[in-house]
Amino acid sequence: MAKISFDEYQKEAYDLISEEGRKNLVLNGVLGLAGESGECADLVKKHLFQGHDLDKEKLALELGDVLWYIAETASGLGMSLEEVASMNLDKLHRRFGGNRFVADRSRNRKES
């Protein structure tokens, strides 16, 4: 598999958005996120509580669908995936005060 940057992925993914979906990228994106995230959760739920094998390939494909809708939503916001990813890491580093998860800071966090 060839490696691809977030921005390259986002540009290519944009071409696959339906004409109707392009009319409201944010709404179509977040609704798609809800559906695809639910599919991921359902696979894990069936594994944990219904005795199904965890199909890692299927879960990875569903995660790809989640990523696609994240890219669509970011496009609707006029942001790149790389910007969204950087913002998220910055927020997490501020929250935990460095490069490691700190349980106490998670339990007692103050959002800015």
Side-chain angles (χ1 to χ4, degrees):
M1 284 193 300
K3 289 187 179 183
I4 186 170
S5 75
F6 274 145
D7 286 347
E8 291 169 323
Y9 175 87
Q10 186 174 8
K11 288 174 187 166
E12 195 167 328
Y14 183 85
D15 292 336
L16 299 169
I17 300 169
S18 71
E19 192 173 314
E20 199 62 30
R22 288 183 190 193
K23 291 179 182 176
N24 192 333
L25 293 171
V26 172
L27 181 59
N28 193 59
V30 296
L31 291 175
L33 271 171
E36 296 299 337
S37 297
E39 289 187 38
C40 291
D42 196 52
L43 287 170
V44 173
K45 175 202 66 167
K46 287 179 178 178
H47 170 65
L48 292 174
F49 302 110
Q50 297 174 6
H52 294 230
D53 290 337
L54 181 61
D55 186 336
K56 292 180 181 180
E57 184 175 334
K58 184 170 173 82
L59 182 55
L61 290 170
E62 295 300 338
L63 287 174
D65 291 341
V66 168
L67 180 60
W68 189 79
Y69 280 112
I70 291 171
E72 180 176 346
T73 306
S75 293
L77 296 174
M79 301 180 78
S80 72
L81 278 175
E82 290 183 3
E83 289 173 302
V84 172
S86 291
M87 288 172 62
N88 180 252
L89 286 176
D90 289 346
K91 175 187 79 172
L92 294 172
H93 287 296
R94 281 192 313 276
R95 179 178 295 161
F96 298 117
N99 294 320
R100 300 262 185 241
F101 173 82
V102 179
D104 186 58
R105 289 187 83 155
S106 177
R107 286 187 297 271
N108 300 302
R109 71 181 192 223
K110 295 175 184 159
E111 296 296 332
S112 55

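Atoms considered below: every heavy atom in the structure, side chains included; atoms not considered: hydrogens, waters and symmetry mates.
- More than 12 heavy atoms of other residues, nucleotides or ligands sit less than 6.0 Å from atom CE of M79.
- When all heavy atoms of E72 and N28 are compared, the closest pair comes out as OE2-ND2, 2.7 Å.
- Remark: N108 CG is packed, more than 12 non-hydrogen atoms of other residues, nucleotides or ligands lying under 6.0 Å away.
- With hydrophobic clusters built from ILVMFWY side chains whose heavy atoms lie under 4.5 angstrom apart, V30 does not share a cluster with L25.
- For the residue pair S80 / Q10, no side-chain donor-acceptor distance below 3.5 Å is found, with atom types taken as modelled.
- Hydrophobic cluster membership differs between L61 and L16, with clusters built from Ile, Leu, Val, Met, Phe, Trp and Tyr side chains linked at under 4.5 angstrom.
- Residue L81 holds its CG atom at 10.5 Å from OG of S86, rounded to the nearest 0.5 Å.
- Residue E12 places its CD atom among 12 or fewer non-hydrogen atoms of other residues, nucleotides or ligands, all under 6.0 Å distant.
- Listed by chain and number, the residues in a salt bridge (Lys or Arg N to Asp or Glu O under 4.0 Å) with K45 are D42 (sequence neighbours excluded).
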* To do: List the steps, then state whether side chain to side chain contact (heavy atoms under 4.5 Å, CB included) holds for L77 with V26.
  => CA-CA 7 Å; L77 296 174; V26 172; 3.9 Å; yes
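- Residue Y14 is grouped with residue Y9 when hydrophobic side chains (ILVMFWY) are merged at heavy-atom distances under 4.5 angstrom, including chains of intermediate members.
- In this structure the side chain of N88 never reaches within 4.5 angstrom of the side chain of V84, judged on heavy atoms.
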* Could you walk me through whether E36 and W68 pass side chain to side chain contact (heavy atoms under 4.5 Å, CB included), step by step? => CA-CA 10 Å; E36 296 299 337; W68 189 79; over 6 Å; no
* To do: Evaluate the criterion side chain to side chain contact (heavy atoms under 4.5 Å, CB included) for residue pair D65 and E62; output intermediate values, then yes/no.
  => CA-CA 5 Å; D65 291 341; E62 295 300 338; 3.4 Å; yes
* Report the C-alpha separation of L59 and D55 in whole Å, then their side-chain angles, then the decisive distance to 0.1 Å, and conclude whether the side chain to side chain contact (heavy atoms under 4.5 Å, CB included) test is met. => CA-CA 6 Å; L59 182 55; D55 186 336; over 6 Å; no
* Can you list the steps and then say if K11 with E8 is a salt bridge (Lys or Arg N to Asp or Glu O under 4.0 Å)? -> CA-CA 5 Å; K11 288 174 187 166; E8 291 169 323; over 6 Å; no
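- The shortest side-chain heavy-atom distance between H47 and L43 does not fall under the 4.5 Å cut-off.
- Residue D7 holds its CG atom at 3.5 Å from CD of E82, rounded to the nearest 0.5 Å.
- Residues Y69 and I4 are members of one and the same hydrophobic cluster, defined by side-chain heavy-atom contacts under 4.5 angstrom among Ile, Leu, Val, Met, Phe, Trp and Tyr.
- For the salt bridge (Lys or Arg N to Asp or Glu O under 4.0 Å) test, no residue two or more places apart in sequence or in another chain qualifies with E19.
- For R95 and F101, the positive end is not near the middle of the six-membered ring at less than 6.0 Å and at most 45° from its axis.
- Remark: E57 CD is loosely packed, at most 12 non-hydrogen atoms of other residues, nucleotides or ligands lying under 6.0 Å away.
- Without hydrogens or angle criteria, R94 side chain to L89 main chain gives no donor-acceptor distance under 3.5 Å.
- For F6, the CZ atom counts as loosely surrounded, since its 6.0 Å shell holds 12 or fewer non-hydrogen atoms of other residues, nucleotides or ligands.
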